[in-house]
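Supplied in structure tokens, the structure appears directly below.
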Protein chains: 2
Amino acid sequence: MKTIGKLAKELGINIETVRFYERKGLIVQPLKPDSGYRIYDNTHVNQLKFILKAKALGFTLDEIASLMSLSGSCADVESMGLQKLRLIRKKIADLQRLEQVIQDMTNSCKANQDPNSCPIINSLS
Amino acid sequence: MKTIGKLAKELGINIETVRFYERKGLIVQPLKPDSGYRIYDNTHVNQLKFILKAKALGFTLDEIASLMSLSGSCADVESMGLQKLRLIRKKIADLQRLEQVIQDMTNSCKANQDPNSCPIINSLS
DNA sequence: TTAAACTCCGTACATAGGTACGGAGTCAAC
DNA sequence: GTTGACTCCGTACCTATGTACGGAGTTTAA
């Protein structure tokens, strides 16, 4: 049983972030009506850890909300995982193309003997 | 000589985007004072093409502004290219780690025989 | 000549994921 | 029992990159 400040500190996140996730519907608001203070237990801690782990995997908050509501259906969860996998692979492919282009450009710079021109600028112009 | 609408159409961007780049200092505002309408020539077209190409390479608008102001110094431009290259490579490495993690997860789903549990949800919980 | 199309400007809105503020109420420690 | 720390809530603000709106002025084409 802990208040929001303890909870946030334990998870290494901001108090405002907890309230933000609450507004987003990712977690439910617990209330001890006497004081009006939110009182959390380990269930809430685990929920938030779930959210933080999923976030680290690149899921958006909306996707995390889906993941949590889907948690009974392994096939649906797997499908979200596969979709995320496709997105990640596309991003990797895009970045690898960029990597190649920019690497070629910087190599041209290294080989450049003319102090009055820059191959990168030239190829962009 | 063309007005902003023709320019934007030629480049496949929005009129508002041209004005936005102007506000950001990426391009200078040309004015024919009689009407108050902006009048552009091919110099402006080429400047904007430069911006669009650099953007496609993943440079931010601030970085593009630097690129344009640095265009005399090949070493400085090369340095920005190398910095961008490092960032791209870091992103690729991060994404590849994610790819591995999520792929392992979805593989576990495929192998899963228990209809009442999901390996992905379990590993997040 | 008049109607349609174009442009002006400043401002608000959008996304995603938060962060900051401020006045009021509550709790805990000394 | 008071002072300092904590929490409440709603709202505004932040980044980055634009997009949308709306009233007023301008240009163009029939």
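Side-chain atoms are counted along with the backbone in the values below, which use heavy atoms only and exclude waters and symmetry mates. Letters A, B, ... mirror the listed sequences (proteins, then strands); counts begin at 1.
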Problem set entry | Distance in angstrom units between B/Lys9 NZ and C/dT7 P, rounded |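 For the pair B/Lys9 NZ and C/dT7 P, the rounded distance is 11 Å.
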Problem set entry | Spacing of A/Ile51 atom CD1 relative to C/dG18 atom P, expressed in whole Å |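 Distance, rounded to whole Å: 10 Å.
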For this session: Could you tell me the separation between the CD1 atom of B/Ile15 and the C1' atom of C/dC8, rounded to a whole number of Å?
Result: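 Going from CD1 in B/Ile15 over to C1' in C/dC8 covers 11 Å.
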Exercise. Under 4.0 angstrom, heavy atoms only, what part of the nucleic acid is B/Lys55 near: base, sugar-phosphate, or nothing?
Worked result: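 Here B/Lys55 touches the backbone only, sparing every base.
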Problem set entry | Short side-chain N/O contact from A/Arg38 to OP1 or OP2 of D/dC9, under 4.0 Å |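 Affirmative; the distance criterion is met.
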For this session: Give the rounded distance in Å between these two atoms: CG of A/Asp62 and C1' of C/dT15.
Result: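 Going from CG in A/Asp62 over to C1' in C/dT15 covers 11 Å.
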For this session: Compute both the distance and the angle, then confirm whether B/Lys84 meets the cation-pi test with B/Phe59: under 6.0 Å from the six-membered ring centre, within 45 degrees of the axis.
Result: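 Judged by the rule (NZ or CZ under 6.0 Å from the ring centre, within 45° of its axis), B/Lys84 counts as positioned above B/Phe59.
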Problem set entry | Electrostatic pair B/Asp94-B/Arg97, nearest N-O below 4.0 angstrom |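 Here B/Asp94 pairs with B/Arg97 in a salt bridge, since their nearest N and O are under 4.0 Å apart.
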For this session: Confirm from the modelled atom types if A/Arg19 and D/dG10 form a donor-acceptor pair under 3.5 Å, side chain to base only.
Result: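 Pair found.
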Problem set entry | Nearest to side-chain heavy atoms of B/Thr60, which nucleotide of D/dT19, C/dC6, D/dT17 |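 Looking only at heavy atoms from C-beta outward on B/Thr60, the closest nucleotide is D/dT17.
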Exercise. Do A/Tyr37 side-chain and C/dG25 base share a donor-acceptor contact under 3.5 Å?
Worked result: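 Under the 3.5 Å cut-off, the side chain and the base do form a donor-acceptor pair.
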Exercise. Distance check: side-chain N/O of A/Thr17 vs OP1/OP2 of C/dT19, anything under 4.0 Å?
Worked result: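 A/Thr17 to C/dT19 OP1/OP2: side-chain N or O found under 4.0 Å.
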Problem set entry | Integer-rounded Å distance: C/dT15 C1' and A/Leu61 CG |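 Spelled out: CG on A/Leu61 to C1' on C/dT15 is 12 Å.
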Exercise. Reckon B/Tyr21 has a side-chain N or O less than 4.0 Å from the OP1 or OP2 of D/dG18?
Worked result: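 Yes, such a contact exists.
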Exercise. Starting at NZ of A/Lys6 and ending at P of D/dC6, how long is that distance when rounded to a whole Å?
Worked result: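 Result: 8 Å.
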Exercise. For the pair made of CD in A/Glu22 and P in D/dC8, what is the distance, rounded to whole Å?
Worked result: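 After rounding, the gap between these two atoms is 8 Å.
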Problem set entry | Of B/Ile4 and A/Phe20, the one whose closest DNA chain C nucleotide lies more 5' |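 So the residue in question is B/Ile4.
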Problem set entry | NZ/A/Lys6: more than 12 non-hydrogen atoms of other groups inside 6.0 Å |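 Not buried by this count: 12 neighbours or fewer within 6.0 Å.
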Exercise. Base, sugar-phosphate alone, or nothing: which one does B/Gln29 contact when heavy atoms must sit under 4.0 Å apart?
Worked result: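 Contact class for B/Gln29: sugar-phosphate only.
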Exercise. Any side-chain donor paired with an acceptor under 3.5 Å for B/Ser73 and B/Asp76?
Worked result: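 Per modelled atom types, B/Ser73 and B/Asp76 side chains form a pair under 3.5 Å.
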Exercise. Touch check for A/Lys24, heavy atoms < 4.0 angstrom, all strands: base, sugar-phosphate only, or nothing?
Worked result: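 No contact.
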For this session: Give a yes/no on whether any side-chain N or O of A/Ser35 is located under 4.0 angstrom from OP1 or OP2 of C/dT26.
Result: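 Negative; the distance criterion is not met.
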For this session: State, to 0.1 Å, how close A/Met105 and B/Leu57 come at their nearest heavy-atom pair, and which atoms those are.
Result: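 Scanning both residues completely, I find the closest heavy atoms to be CE-CD1, 3.6 Å.
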For this session: Rounded off to whole Å, could you give me the CD-to-P distance for the B/Glu16 and D/dG22 pair?
Result: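 Roughly 13 Å, once rounded to whole Å.
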